[in-house]
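As the structure is a prediction and not an experimental result, all values here were calculated from the model.
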Amino acid sequence: MKKVVASLLTLTMALSLSVSAFAAEPAKNVNASQKTASTNDPYEPNDDPAFATYINSNVTYNGVISHNKDFDWFNFYAKPGEFNFALSKLSSPPGEFNIMVIKQGGGIVHTYWSKPGNVNFTFNIPEEGSYSININSAKKFESTPIAPAPYAFKAIFNQ
């Protein structure tokens with residue numbers, strides 16, 4: 001009886017440690033058609049709004065536009081009011097990005113076409129609901145490969 005209890009206790013502890021280690025890993029949606037997660041971009045795969053990470057207001061997020069066809073999506077829920085967005089380009093030379101804020105099911109709310117340097121813009125969220133931010137390469141239609149372009153961004157909005 002003692003051996004059975006000891007074995008069950010050992011098994012319970014092993015399962016508990018395994019579950020704890022598994023729970024520490026962030027959940028990722030996997031889609032075979034998407035590229036594998038990059039060690040430089042913790043949010044990949046996020047090339048589709050269905051696989052986007054939900055973000056919070058006033059928190060900095062880091063990502064990488066790894067190639068011309070890389071589209072980084074981030075989802076958020078906002079109430080009407082001012083939306084402030086700032087993006088820092090972390091490479092030299094800095095990548096050129098296009099940034100769109102889209103009301104899910106409702107179309108583009110704001111578009112920013114990148115210029116050299118960092119990005120800052122402000123506009124008003126028109127109505128409460130779910131939105132997406134899409135960050136992609138300004139050179140997405142060119143065939144010449146681009147160097148990976150890391151970035152950091154922060155969005156401030158009413159939650």
Side-chain angles (χ1 to χ4, degrees), residues 20-159:
S20 295
F22 182 71
E25 286 293 315
K28 291 199 179 227
N29 295 317
V30 179
N31 181 337
S33 67
Q34 294 190 328
K35 64 181 174 270
T36 58
S38 165
T39 57
N40 297 327
D41 191 341
Y43 304 108
E44 290 294 349
N46 65 339
D47 292 338
D48 184 283
F51 298 96
T53 296
Y54 275 88
I55 64 168
N56 290 307
S57 180
N58 206 22
V59 175
T60 300
Y61 295 89
N62 293 296
V64 178
I65 296 299
S66 301
H67 53 82
N68 294 37
K69 307 295 185 216
D70 190 4
F71 288 79
D72 287 356
W73 288 88
F74 299 89
N75 292 333
F76 65 98
Y77 190 86
K79 294 180 180 176
E82 192 170 85
F83 179 92
N84 295 295
F85 185 88
L87 181 140
S88 297
K89 298 171 186 177
L90 305 176
S91 63
S92 182
E96 292 184 38
F97 303 134
N98 294 327
I99 302 162
M100 293 183 290
V101 179
I102 302 163
K103 170 88 167 89
Q104 292 178 4
I108 297 171
V109 178
H110 187 81
T111 301
Y112 181 90
W113 299 96
S114 181
K115 299 172 187 141
N118 294 329
V119 174
N120 292 291
F121 60 81
T122 300
F123 70 94
N124 282 318
I125 295 285
E127 62 184 333
E128 184 172 352
S130 296
Y131 292 83
S132 296
I133 297 170
N134 175 257
I135 302 170
N136 61 74
S137 172
K139 299 182 179 192
K140 63 183 162 273
F141 299 114
E142 295 181 16
S143 59
T144 304
I146 63 167
Y151 61 87
F153 79 87
K154 182 185 286 190
I156 301 174
F157 51 90
N158 294 328
Q159 290 185 288

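Ring geometry, F121 versus Y112: the interplanar angle falls under 30°, so the pair is classed parallel (tilted spans 30 to 60°).
Atom CG of N120 and atom CG of N118 lie 7.0 Å apart (nearest 0.5 Å). Summarising the geometry, atom CD1 belonging to I65 is positioned 13.5 Å from atom NZ belonging to K139; distances are rounded to the nearest 0.5 Å. Interatomic distance, N46 CG to F51 CZ, rounded to the nearest 0.5 Å: 10.5 Å. Here OG of S137 is found 8.5 Å from NZ of K69. Values are rounded to the nearest 0.5 Å.
A side-chain contact (heavy atoms from CB on, under 4.5 Å) with W73 is found for one member of I135, I102, I133 and no other, namely I102.
Within the 4.5 Å cutoff, side-chain heavy atoms of E127 are placed close to those of K103. Side-chain contact between Q159 and N56: present, with at least one pair of heavy atoms (C-beta onward) separated by less than 4.5 Å.
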Pair up each side-chain donor or acceptor in residues 140-151 with any protein partner under 3.5 Å, not counting sequence neighbours, and list the distances.
from, atom 1, to, atom 2, distance (Å)
K140, NZ, N136, OD1, 2.7
Y151, OH, D72, OD2, 2.6

Distance-only donor-acceptor pairs under 3.5 Å for side chains of residues 83-100, two or more places apart:
from, atom 1, to, atom 2, distance (Å)
N84, OD1, T122, OG1, 2.7
N84, ND2, E82, OE1, 3.2
K89, NZ, G95, O, 3.3
K89, NZ, S114, OG, 2.7
K89, NZ, K115, O, 2.6
K89, NZ, G117, O, 2.7
S91, OG, P93, O, 3.1

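Under the 6.0 Å cut-off for aromatic ring centres, Y131 and Y77 do not qualify, their centroids lying 6.0 Å or more apart.
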With ring pair (Phe, Tyr, Trp, His ring centres under 6.0 Å) as the test, would you mind laying out the steps for F76 and F157 before giving the verdict? CA-CA 9 Å; F76 65 98; F157 51 90; 4.6 Å; yes

Would K154 and N58 count as a side-chain contact (heavy atoms from CB on, under 4.5 Å) if you check the C-alpha gap in whole Å, the side-chain angles of each, and the deciding distance to 0.1 Å? CA-CA 6 Å; K154 182 185 286 190; N58 206 22; 3.3 Å; yes

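The minimum heavy-atom distance between N75 and S132, with the atom names listed, is OD1-OG, 2.6 Å. Here the closest non-hydrogen pair linking Y43 and N62 is CE1-O, 3.0 Å.
N124 contributes no side-chain N or O that, together with a main-chain N or O of P126, makes up a donor-acceptor pair within less than 3.5 Å.
No side-chain donor from either of N158 and E128 sits under 3.5 Å from a side-chain acceptor of the other.
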